[in-house]
Amino acid sequence: MQHIPIITLTTDFGSKDPLGGIMKGVILGINPAVRIIDLTHEVSTFNVREAALVIGMSYKQFPQHTIHVVVTDPGVGSQRKPITVKTEHYSLIGPDNGVFSLIYNENEQYRVIHLTEEHYFLRERSTTFDGRDIFAPVAAWLSKGIDVSRFGEEITEYVRLPFPSPSMPTRTTLEGEVILIDHFGNAITNIRTDDISMLRSTMSQGTLWIIMKGKRISLKQYYSQAEDKGLHALENSMGYLEIFVYRGNASAEFNIKVGDTIGMMVV
Amino acid sequence: MQHIPIITLTTDFGSKDPLGGIMKGVILGINPAVRIIDLTHEVSTFNVREAALVIGMSYKQFPQHTIHVVVTDPGVGSQRKPITVKTEHYSLIGPDNGVFSLIYNENEQYRVIHLTEEHYFLRERSTTFDGRDIFAPVAAWLSKGIDVSRFGEEITEYVRLPFPSPSMPTRTTLEGEVILIDHFGNAITNIRTDDISMLRSTMSQGTLWIIMKGKRISLKQYYSQAEDKGLHALENSMGYLEIFVYRGNASAEFNIKVGDTIGMMVV
Amino acid sequence: MQHIPIITLTTDFGSKDPLGGIMKGVILGINPAVRIIDLTHEVSTFNVREAALVIGMSYKQFPQHTIHVVVTDPGVGSQRKPITVKTEHYSLIGPDNGVFSLIYNENEQYRVIHLTEEHYFLRERSTTFDGRDIFAPVAAWLSKGIDVSRFGEEITEYVRLPFPSPSMPTRTTLEGEVILIDHFGNAITNIRTDDISMLRSTMSQGTLWIIMKGKRISLKQYYSQAEDKGLHALENSMGYLEIFVYRGNASAEFNIKVGDTIGMMVV
């Protein structure tokens, strides 16, 4: 089977302005054969942490060799570096402002390249749209098979934002927090499937309690298993503990926000 | 001309989360040659009836052999079946919750297949995202020419939601209702072009009256024919009677909602 | 390198209804090899001026031979003409209501063709969706290499909306206005890079003042150069003077609207 390269786009551009479309125009001008997929253009404006979570939760769900471009970039035009991160299976392109923090956390082997070779950029560049002038053309050239080392030097200092794992104040207690609210109002927490397994393994017997907003929350297998309109929890499709209201909006109905704490314990 | 398969996506995922993009990643991992078209990701959350209307109004506007994937699926993870509907010209894939009701109503010949052959699903599956784990890969394999019978057994019991036609209390009177409000605030009713023709044929003379919200509404050929800012009607591009305000928003300005009644009569 | 044709779509359809997707279905039914790029479907409803600005700022950022389809078309179904504009490098397709005004202003050589050859349209046509019935199929046939002259006769009278350049009340003063508010709340003005260069050239010395809302605004090179939360200006990536608040929303925070005036002078 012929290899057809894929480039994904994750930005805070919104859908009103033609910026995402323009990036695609630039890409197709360099490599007309590439497939371009919108991951989202609705990252909250300037929210680098949210962009880091979106790409961190999504990048491995694409075929190997996929090139992910992330543009949430309030520092565009300043001295912050344009970079490419090369993991074993993926390439990621964007500003060095922490958007790739989860990639750094999850991968043991990766290289970070400072993009400096200007002949791979657009000839006429602005100071406000590196997505068009640098990231799109570099992604397109990369998709044509140019080796990542051709775009600049490897660097060892780069921005990594803290994305703390849940704390474990006792051997049978986990303390996590809400990291993202999705379109349905579900609250995604930083408690992972592995954390829950570990907690369970601490006691051969006992019941798992989940506490949020002073209430005990039951753990379900799927949404429609919830028998009432209260808060429930499940392990979601990305491997995160998620708080939901069946056919409701947990965030709006129970005033849940990013940063709210959640406790788990075996009792 | 070489056949390039097309897959469309209709979901209630919104555009903020990367779920639609992830489904595309899964599809392209199986069949990189397929064309993927977003029909909409903005079906109102959990609104199976609205999804049924969107796909019912759209599916025939695509080339033959198009594969339509519909994911408005509050019952994901439960016992509700994943299915494929095969009509003469199209394949449709989604949950058995009624999203394909209009397809059943419009087609005399079709088969419904219960998707059970798990080797066509993703190997690691969640309980909350059949769009990624079942529907996307089945669509991709179908687009590669795998026969629909390979995915599971035909079933004869499946969910069909009532989408009533207008009633005809007298030979010269139609009673319909609003079934959808579009982006422009236009109110689309369940009165079809055929219904209007039939009503007209009942009398060789007489005038057609359309009554809504206690007002008589004139029937126009196109939007800008409306000479004032009141309610007007026309037969829209999908063959439905539609209520509109020229350069206005009928739903917002006249408080029109899904379920509101509309009358038509020859007087 | 094989030429792969590109068609872009710019509409006011929104993302809730399947209209943009349906246009793609029609295009792919005629030319399955074409690449289709959404520029935006979020032009403000019926806002022909805004559509004219979006396409005017974007069309040249695509590879040569790109075909741009623009559908903001409150007059659909009436006597307003469907047209194709052919410039040296691009084709543009849409209604003759002024959406191509900036193209006319910027290009010395172009032809406007009245689309009349109905065998290039869909066979069954509506009175409300020329995007599907006329513009999409004409774009698809054009992308297959059919010469533009085959679609109809050239016309010399067509709608051109006024998009005034900044006025120059004195040799050292420019008066412009806000023409567009973007997703970030940045206010894009009709003052171009060339205007600023000309103003600067009028005096060998002196300082450039930008005045808006009674305040002096400093000119920056890039967003994060702004040292406070007040209004600042820069020359944006499209070559327009843009007013912004760093990590803020200039339009919302300072009540800036389309039509607001801005002054520039050398003092």
Side-chain angles (χ1 to χ4, degrees), chain A residues 4 7 9 11-38 40-48 71-80 95 97 122 124-137 140 144 183, chain C residues 1-6 8-10 12 14-15 33-44 50-51 53-66 68 180-186 188 193 220-226 234-240 242 244 246-249:
Chain A
I4 300 178
I7 293 174
L9 304 182
T11 80
D12 62 352
F13 295 162
S15 50
K16 185 176 175 295
D17 303 317
L19 307 183
I22 288 170
M23 285 181 65
K24 296 179 191 175
V26 170
I27 291 168
L28 295 176
I30 296 167
N31 187 358
V34 75
R35 305 293 300 259
I36 309 173
I37 303 291
D38 296 306
T40 179
H41 295 288
E42 300 288 349
V43 171
S44 305
T45 46
F46 317 125
N47 195 329
V48 173
V71 195
T72 299
D73 191 13
V76 61
S78 72
Q79 290 301 309
R80 73 96 190 84
N97 61 10
L122 285 204
E124 294 187 25
R125 283 157 56 195
S126 69
T127 53
T128 61
F129 194 6
D130 280 0
R132 175 193 67 186
D133 303 339
I134 299 180
F135 304 134
K144 286 174 81 93
H183 173 70
Chain C
M1 189 169 69
Q2 189 203 351
H3 172 61
I4 300 178
I6 299 172
T8 80
L9 304 181
T10 300
D12 61 353
S15 50
V34 76
R35 305 292 300 259
I36 309 172
I37 303 292
D38 297 307
L39 213 43
T40 179
H41 295 288
E42 301 289 349
V43 172
S44 303
E50 189 179 306
L53 286 165
V54 168
I55 192 65
M57 290 177 178
S58 308
Y59 77 108
K60 285 187 297 190
Q61 313 232 358
F62 283 79
Q64 293 187 11
H65 308 298
T66 295
H68 297 288
L180 206 62
I181 306 292
D182 78 8
H183 173 69
F184 297 92
N186 300 325
I188 300 165
T193 298
K220 302 294 181 187
Q221 298 300 313
Y222 50 90
Y223 297 116
S224 61
Q225 212 177 19
L234 50 66
E235 295 174 39
N236 78 9
S237 63
M238 313 290 184
Y240 291 80
E242 179 180 308
F244 71 97
Y246 177 52
R247 286 177 179 270
N249 185 307

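Numbers restart at 1 for each chain; the letters A, B, ... are given by sequence-line order, proteins then strands. All values below were derived from every heavy atom in this structure, side-chain atoms included, with hydrogens, water molecules and symmetry-related copies excluded.
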If you tally heavy-atom pairs under 4.5 Å against chain C, which of A/Gly20, A/Gly75, A/Gly14 wins? A/Gly14

Under 4.5 Å from a heavy atom of chain C, the part of A/Leu122 involved: neither

Can you check whether A/Val76 reaches C/Tyr222 side chain to side chain, under 4.5 Å on heavy atoms? no

Turns out that what part of C/Ile37 lies under 4.5 Å from chain A's heavy atoms comes down to side chain

Which region of C/Leu234, side chain (C-beta onward) or backbone (N, CA, C, O), has a non-hydrogen atom less than 4.5 Å from a non-hydrogen atom of chain A, or is it both or neither? side chain

Donor-acceptor pair, distance only, cut-off 3.5 Å: does the side chain of A/Arg132 make one with the backbone of C/Gln61? no

Counting only N and O atoms by type, is there a donor-acceptor contact under 3.5 Å from the side chain of C/Arg247 to the main-chain atoms of A/Pro74? no

Quick check for you: among A/Ile36, A/Val34, A/Leu19, which has the greatest number of heavy-atom pairs under 4.5 Å with chain C? A/Val34

Interface moiety of A/Asp12 toward chain C, non-hydrogen atoms closer than 4.5 Å: both

Kindly say whether C/His183 contributes a backbone atom to a donor-acceptor pair with the side chain of A/Asp17 at under 3.5 angstrom? yes

Taking A/Lys16 for its side chain and C/Ser44 for its backbone only, find out whether a donor-acceptor pair lies under 3.5 Å. no

Who passes salt bridge (Lys or Arg N to Asp or Glu O under 4.0 Å) against A/Asp38, sequence neighbours left out? A/Lys24

When the 4.5 angstrom heavy-atom criterion is applied to C/Leu53 and chain A, the contacting part is neither

If you look at every heavy atom in A/Pro32 and C/Arg35, which pair is closest and at what distance? O-NH1, 2.7 Å

Residues two or more places apart in sequence or in another chain: which of them pass side chain to side chain contact (heavy atoms under 4.5 Å, CB included) with A/Thr11? A/Phe13, A/His41, A/Val71

At a 4.5 Å cut-off on heavy atoms, which part of C/Glu50 comes close to chain A: side chain, backbone, both, or neither? side chain

Run through A/Leu28, A/Ile22, A/Val26 and flag the one making a side-chain contact (heavy atoms from CB on, under 4.5 Å) with C/Phe62. A/Ile22

Side chain A/Thr127, main chain C/Gln221, donor-acceptor under 3.5 Å: yes

Backbone N/O of A/Thr128 and side chain of C/Ser237: donor-acceptor pair under 3.5 Å: no

